[in-house]
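Below is one structure, written out as structure tokens, with a few remarks after it.
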Amino acid sequence: MSSKVRVDAPRLWLVLSRCHRALNQIAERSIEEAGLCLTDFAALEALLHKGPLTITEIQGKVPLAIGSMTAAVDRLEKKDLIMRTPASGDRRAKVLKLTAEGRRIVEKAFRRHAAELESAMAVLNASEKRQLHVLLKKLGLFAAGAGLETRNQGDKYVVEAKDK
């Protein structure tokens, strides 16, 4: 792309959206080839990397509806990939833990998933990956909590901070 091309917000959003779609297809394919659906993989991956968690704790790490997460936990328990154990201090809560088979499956699936994503991002060197990470995190955090308001002012739109 020429350095003279103006990169405005709508163009950048379109590029981000297309990039996300392409990478998401690769990620979903790698997960499906491991015999898992995205929701099941997300729950297993959270348990692999964070250790035993309650459903609520997994919810905080994986952006899925509580109903989807509960259904995933039920499926994973039926397959003997996770087990529910009582939470200390709260009889109503259950802590989810990987079984030996669950750990084996998710470790294998995650290795494949990570390798496919590394391959898809091989066009970026380590420095570019770090820079992109910083910029995307900055943009995402700003967009998520910006508290900005757009209003029409004659022939243009003005962006201002919302009154809190």
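Atoms considered below: every heavy atom in the structure, side chains included; atoms not considered: hydrogens, waters and symmetry mates. Model, not experiment: these values are computed from the prediction.
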Validation row: Leu47, Val106 side chains within 4.5 angstrom (heavy atoms): no
Linked, directly or transitively: Leu139 and Leu132 (ILVMFWY side chains, under 4.5 Å): yes
Heavy-atom neighbours of His133 NE2 exceed 12 at 6.0 Å: no
Any donor-acceptor pair under 3.5 Å from Thr39 side chain to Ser68 backbone: no
Same apolar cluster: Val7 and Leu14, side chain cutoff 4.5 Å: no
Taking every non-hydrogen atom, the tightest pair across Lys129 and Leu124: CE-O, 3.5 Å
Distance, nearest 0.5 Å, that separates SG of Cys19 from CG of Leu12: 10.5 Å
Value rounded to 0.5 Å, distance of CE in Met69 from CG in Leu96: 9.0 Å
Common cluster, Leu136/Leu23, ILVMFWY with side-chain heavy-atom separation under 4.5 Å: no
Side chain proximity check, Arg103 to Leu48, heavy atoms < 4.5 angstrom: yes
Step-by-step salt bridge (charged side-chain N to carboxylate O under 4.0 Å, His left out) determination, Lys79 to Asp74: CA-CA 9 Å; Lys79 294 178 182 179; Asp74 290 344; over 6 Å; no
His20 side chain to Leu16 backbone, donor-acceptor under 3.5 Å: no
Cluster link Val73 to Leu53, ILVMFWY, side chain under 4.5 Å: yes
Salt bridge (charged side-chain N to carboxylate O under 4.0 Å, His left out) between Lys50 and Glu57, worked out: CA-CA 10 Å; Lys50 301 296 182 185; Glu57 290 169 331; over 6 Å; no
Close side-chain approach of Asn24 and Glu28, heavy atoms under 4.5 Å: yes
Non-hydrogen side-chain atoms of Asp80 and Glu101 separated by less than 4.5 Å: no
Heavy-atom donor-acceptor pair, Ser30 side chain to Glu116 backbone, under 3.5 Å: no
Nearest-0.5 Å distance that lies between atom CD in Glu128 and atom CZ in Arg130: 10.5 Å
Value rounded to 0.5 Å, distance of CD in Glu77 from NZ in Lys94: 9.5 Å
Connected via hydrophobic side-chain network under 4.5 Å: Val95 and Val62: no
Nearest heavy atoms of Ile31 and Cys37, plus distance in Å: CG2-O, 3.8 Å
Atom of Leu98, atom of Met83 and distance for their closest heavy-atom approach: O-CE, 4.3 Å
Spatial distance of atom CZ (Phe41) from atom CG (Leu76) [nearest 0.5 Å]: 12.0 Å
Spacing of OG1 belonging to Thr70 relative to CD1 belonging to Ile55, to within rounding of 0.5 Å: 4.5 Å
Over all atoms of both residues, closest heavy-atom pair of Asp40 and Arg75: OD1-NH2, 2.6 Å
Side-chain touch Glu32/Leu38, heavy atoms, less than 4.5 angstrom: no
